[in-house]
Amino acid sequence: MCRSIKTLRPPAIPEKATEEEIRAAALQYVRKVSGFRAPAAHNEEVFAAAVDAIAEATRDLLGGLQVRGAAVSG
């Protein structure tokens with residue numbers, strides 16, 4: 001149904017995840033959990049809200065993670 005969600009933190013990716021990568025992962029998650037590739041018109045609002053919420057949670061998670069041995073970027 002959907003491709004795998006990739007790891008979005010170093011060292012899996014060399015730099016900070018982009019907004020596009022975060023939103024793509026959130027969309028894939030919502031698709032997988034809901035079972036819908038695209039929502040019907042009457043579900044579009046809740047589908048989009050879920051993608052937004054998961055993208056925000058992902059940004060918070062990635063921003064708060066401390067990876068041992070990872071170089072600190074500034």
Side-chain angles (χ1 to χ4, degrees):
M1 174 169 69
C2 66
R3 62 188 162 99
S4 296
I5 299 171
K6 70 179 188 173
T7 301
L8 296 179
R9 66 162 179 81
I13 61 173
E15 304 206 3
K16 184 177 175 182
T18 65
E19 183 61 25
E20 184 178 313
E21 290 170 320
I22 290 170
R23 291 205 56 86
L27 177 59
Q28 290 302 323
Y29 178 83
V30 171
R31 286 176 173 171
K32 186 63 143 182
V33 171
S34 70
F36 296 110
R37 179 163 174 11
H42 61 278
N43 287 325
E44 285 179 0
E45 188 174 332
V46 71
F47 196 91
V51 172
D52 291 343
I54 292 165
E56 181 177 349
T58 301
R59 282 189 295 277
D60 291 346
L61 172 66
L62 294 175
L65 287 177
Q66 294 180 8
V67 180
R68 290 185 180 186
V72 176
S73 60

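These values consider heavy atoms only, across backbone and side chains, with no hydrogens, waters or symmetry-generated copies.
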Problem set entry | Separation between CZ of Arg37 and CG of Leu27, rounded to the nearest 0.5 Å | 8.0 Å
Exercise. Are Ile5 and Leu61 connected, step by step, through hydrophobic side chains (Ile, Leu, Val, Met, Phe, Trp, Tyr) whose heavy atoms are closer than 4.5 Å?
Worked result: no
Exercise. Taking only residues two or more places apart in sequence or in another chain, which ones pass side-chain hydrogen bond (donor to acceptor under 3.5 Å, both in side chains) with Glu21?
Worked result: Lys6, Thr18
Can I get a per-line list of side-chain donor-acceptor pairs under 3.5 Å for residues 7-17, giving both atom names and the distance, sequence neighbours left out?
none

Which atom pairs, donor and acceptor, lie under 3.5 Å between side-chain atoms of residues 43-55 and protein residues at least two apart or in another chain?
unit_1, atom_1, unit_2, atom_2, d
Asp52, OD1, Arg23, NH1, 3.1
Asp52, OD1, Arg23, NH2, 2.9

